[in-house]
Structure formats: C-alpha cells, structure tokens
There are 2 protein chains.
Amino acid sequence: MSKPRAKLTDNFPGCPVESTLSFLDGKWKGVILYHLLQDGTLRFNELRRRIPAVTQRMLTKQLRELEEAGLLSRTVFPVVPPRVDYALTPIGRSLEPVIAALRLWGKEHVICENGRKYMVMPEEKAASKAA
Amino acid sequence: MSKPRAKLTDNFPGCPVESTLSFLDGKWKGVILYHLLQDGTLRFNELRRRIPAVTQRMLTKQLRELEEAGLLSRTVFPVVPPRVDYALTPIGRSLEPVIAALRLWGKEHVICENGRKYMVMPEEKAASKAA
DNA sequence: CTGGATCCTGGGTGATACTG
DNA sequence: CAGTATCACCCAGGATCCAG
C-alpha cells in the first residue's frame with residue numbers, strides 16, 4: 001500500500017488537508033522532497049549525506065513510497081558500482097509551494113538548536129524589537 | 001514530551017520543513033487545525049462532528065498535544081453540562097498559509113472518493129487521460 | 001554503491017467501558 | 001458534554017547482517 005498509516009477510512013471526502021498530509025506521512029518524506037527540490041537530482045548516498053539521521057532501510061522505504069505515490073522517479077543505471085538517481089516528477093515538483101510553506105513557517109516559528117526544537121512566539125520577536 | 005514520534009535527534013538544525021511537520025504529526029492535527037481555522041472556536045463535540053472518524057480518545061490526545069505545543073487554547077467553562085472551547089492561538093493562526101497550501105494541493109492533486117484517495121496528475125487533467 | 005531480509009520494540013491508534 | 005481508564009493490535013522505525 002502506498003499509505004503507511006492512513007487507513008483510507010479516515011474521513012469522508014472533503015478534507016484535502018488530510019490527503020496531502022498523508023503523502024508526507026513518514027518521518028523523512030518532507031526532508032527528502034525538500035532536498036530533491038533544492039538539488040534536482042540526487043543519488044542514494046547523496047540523499048543520505050543530506051539527511052544524516054536516516055538509516056538506509058528507512059531512506060529506501062520512504063523513497064519507494066514516494067515513488068509509488070508518483071512523486072519522484074527512480075532511475076537505475078546498470079553499471080558497476082550501481083548508480084541510482086532520484087528526481088521529482090512534475091507532481092512532486094508541484095509540492096513546492098507546500099514544502100515552501102512548511103519551511104517558511106519553520107524558519108519563522110521554530111528554533112533548532114543542537115537538534116532540539118523550540119517554539120518561538122511571533123509576539124516575543126516583535127516585543128523584543130519594539131519594547 | 002510534546003513530540004510523539006520525533007526523536008529530537010532527527011537532523012541537524014537547518015531543516016525547518018521537518019520541524020513544522022513534527023507539529024502536524026499525528027493523524028488528526030492537520031484536520032483539527034483546518035476546522036479551527038475555518039470556524040474560529042469549536043467545542044469538543046463540534047470538532048468530533050466535523051471529524052467523524054476520530055475517536056474521543058484520539059481527539060483529546062491530539063488536542064492536548066496541540067495545546068501543549070502552544071498552537072491552540074483550551075477554555076473550560078465550569079458549568080453543567082461541561083463546556084470546553086477550543087480556539088487557535090496567534091501562533092496556531094500563523095499556520096494558516098501552511099494549512100492553506102496543504103489544502104490547495106490536495107484539492108488540485110487528490111481525489112477523495114468513498115474515503116479512498118487517488119492521485120491526479122495535472123497533465124492528465126489538462127490532456128485527456130490516455131494510457 | 002544500493003539496496004534486500006530479518007529481528008525487535010516503542011508507542012500511536014482503535015475499541016470499549018466508565019465518570020463527574 | 002467532555003472527557004478518563006484499560007486492553008490489545010499493528011506497524012513505523014531502528015539495528016544488523018547479507019547480496020549483487
């Protein structure tokens with residue numbers, strides 16, 4: 001199945017938010033899409049290097065799910081050593097505004113420090129500037 | 001902890017996409033935020049009615065997590081029968097562009113039919129489905 | 001280099017029953 | 001009405017070893 005968690009009986013039609021989220025479900029899909037949007041085409045280990053915390057197993061899994069969903073294409077070069085390129089499909093690329101929105105909000109409202117995440121209230125930022 | 005799945009050791013700072021996604025993690029957060037954005041303030045059962053597939057347990061849980069994250073406020077009225085209002089905080093409301101992007105993409109690229117989800121290629125819509 | 005196969009576990013999620 | 005308490009299941013996700 002292409003949906004890892006979604007039981008396909010979630011809710012009635014009419015919740016595109018849920019639908020979209022279901023394609024981003026999984027711990028690494030968002031990051032993968034982000035890097036693919038940034039760099040165009042990436043090989044397996046190039047992706048790994050950009051997402052240090054991911055394991056091969058999970059990277060493979062999430063890539064396959066994204067591929068099955070039609071969001072990215074996987075190109076195998078029959079050479080030795082093996083080479084596999086990953087790139088977004090047109091649909092995958094159409095997620096750009098979504099990823100951009102996610103990224104923007106994260107930059108605005110979350111502080112990442114040593115791997116920890118802290119929320120930042122806009123008022124605090126404004127207040128510190130104004131007051 | 002406020003993050004259900006995120007191990008906080010995911011990746012180095014620099015991935016706001018991941019950060020944002022971590023706040024939307026969980027099966028119902030997106031939908032909850034969406035409805036709260038739509039309707040302003042909602043009571044517990046009003047939310048339930050808008051998300052038929054959710055159980056009380058999960059609705060409660062996700063609401064608490066969103067509250068702990070600071071995205072929504074929970075107002076208890078000491079009356080009988082009980083009444084609890086949920087509304088977005090300013091930060092919660094700041095997620096509007098994100099939810100909007102998610103929703104827009106879903107409307108453009110996903111068809112919900114009888115609870116099932118089908119991807120729709122923009123090209124296929126433009127050009128008649130020939131395959 | 002790019003995976004596949006296997007084992008394992010944490011906790012997310014559901015179902016149900018109960019309560020002020 | 002708005003939850004809490006419990007039990008049980010399933011599978012996402014990590015670790016490790018193996019393979020072409």
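Since the model is a prediction, treat every value here as computed from it, not as a measurement. Throughout, protein chains are lettered first and strands after them, A, B, ... in sequence-line order, and every chain is numbered starting at 1.
- The CD-P distance, from B/Glu18 to D/dG13, rounds to 10 Å in whole Å.
- Note on residues 85-96 of chain A: pairs passing salt bridge (charged side-chain N to carboxylate O under 4.0 Å, His left out), not counting sequence neighbours, are A/Arg83-A/Asp85.
- By the side chain to side chain contact (heavy atoms under 4.5 Å, CB included) test, A/Ala100 pairs with no residue at all, sequence neighbours left out.
- The nearest whole Å value for the distance from the CG atom in B/Leu59 to the C1' atom in C/dG14 is 14 Å.
- Qualifying side-chain hydrogen bond (donor to acceptor under 3.5 Å, both in side chains) partners for A/Asn45, counting only residues two or more places apart in sequence or in other chains: none.
- In this structure, the CG atom of A/Leu42 is 15 Å from the P atom of C/dC1, given to the nearest Å.
- Between A/Pro81 and A/Thr55, the residue anchored closer to the 5' end of DNA chain D is A/Thr55, taking for each the nucleotide with the nearest heavy atom.
- B/Thr89 places a side-chain N or O within donor-acceptor distance of the main-chain N or O of B/Leu71, the cut-off being under 3.5 Å.
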Scan nucleotides 4-7 of chain C against the protein and return all N/O pairs shorter than 3.5 Å with their distances rounded to 0.1 Å.
| unit_1 | atom_1 | unit_2 | atom_2 | d |
| --- | --- | --- | --- | --- |
| C/dG4 | OP1 | A/Arg64 | NH1 | 2.4 |
| C/dG4 | OP1 | A/Arg64 | NH2 | 3.4 |
| C/dT6 | O4 | A/Arg57 | NH1 | 3.3 |

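- Residues in residues 38-58 of chain A take part in no ring pair (Phe, Tyr, Trp, His ring centres under 6.0 Å) pair, two or more places apart or across chains.
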Donor-acceptor contacts under 3.5 Å from residues 53-61 of chain B side chains, at least two apart:
| unit_1 | atom_1 | unit_2 | atom_2 | d |
| --- | --- | --- | --- | --- |
| B/Thr55 | OG1 | B/Met58 | N | 3.3 |
| B/Thr60 | OG1 | B/Gln56 | O | 2.8 |

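- Using a 4.0 Å heavy-atom distance criterion, A/Phe77 is classed as making no nucleic acid contact.
- In the set C/dT2, C/dG20, D/dG13, the nucleotide with an atom closest to the side chain of B/Pro82 is C/dG20.
- One axis for each end of the helix from C/dC1-D/dG20 to C/dG20-D/dC1, each built from five base pairs, and the angle between them comes to 50° at 10° resolution.
- In the set C/dC1, C/dT13, D/dC1, the nucleotide with an atom closest to the side chain of B/Gln62 is C/dT13.
- The separation between A/Ile51 atom CD1 and C/dT2 atom P is 14 Å, rounded to whole Å.
- Judged as a side chain to side chain contact (heavy atoms under 4.5 Å, CB included), and not counting sequence neighbours, A/Val80 has no contacts.
- Contacts of B/Glu46 with the nucleic acid, taken as non-hydrogen atoms under 4.0 Å apart, are absent.
- The nearest whole Å value for the distance from the NZ atom in B/Lys27 to the P atom in D/dC11 is 11 Å.
- Taking the side chain as every heavy atom from C-beta outward, B/Leu66 and B/Tyr86 never approach each other to under 4.5 Å.
- The phosphate of C/dG3 (OP1 or OP2) has a side-chain N or O of A/Tyr86 nearer than 4.0 angstrom.
- The distance from atom CZ of A/Arg49 to atom C1' of C/dT2 is 13 Å, rounded to the nearest whole Å.
- The hydrophobic cluster analysis finds B/Leu104 isolated: no Ile, Leu, Val, Met, Phe, Trp or Tyr side chain comes under 4.5 Å of it, directly or through other members.
- Here C/dC1 presents its P atom at 11 Å from CZ of A/Phe44, a figure rounded to the nearest Å.
- Rounded to a whole Å, the CG atom of B/Asp25 is 13 Å from the P atom of D/dA12.
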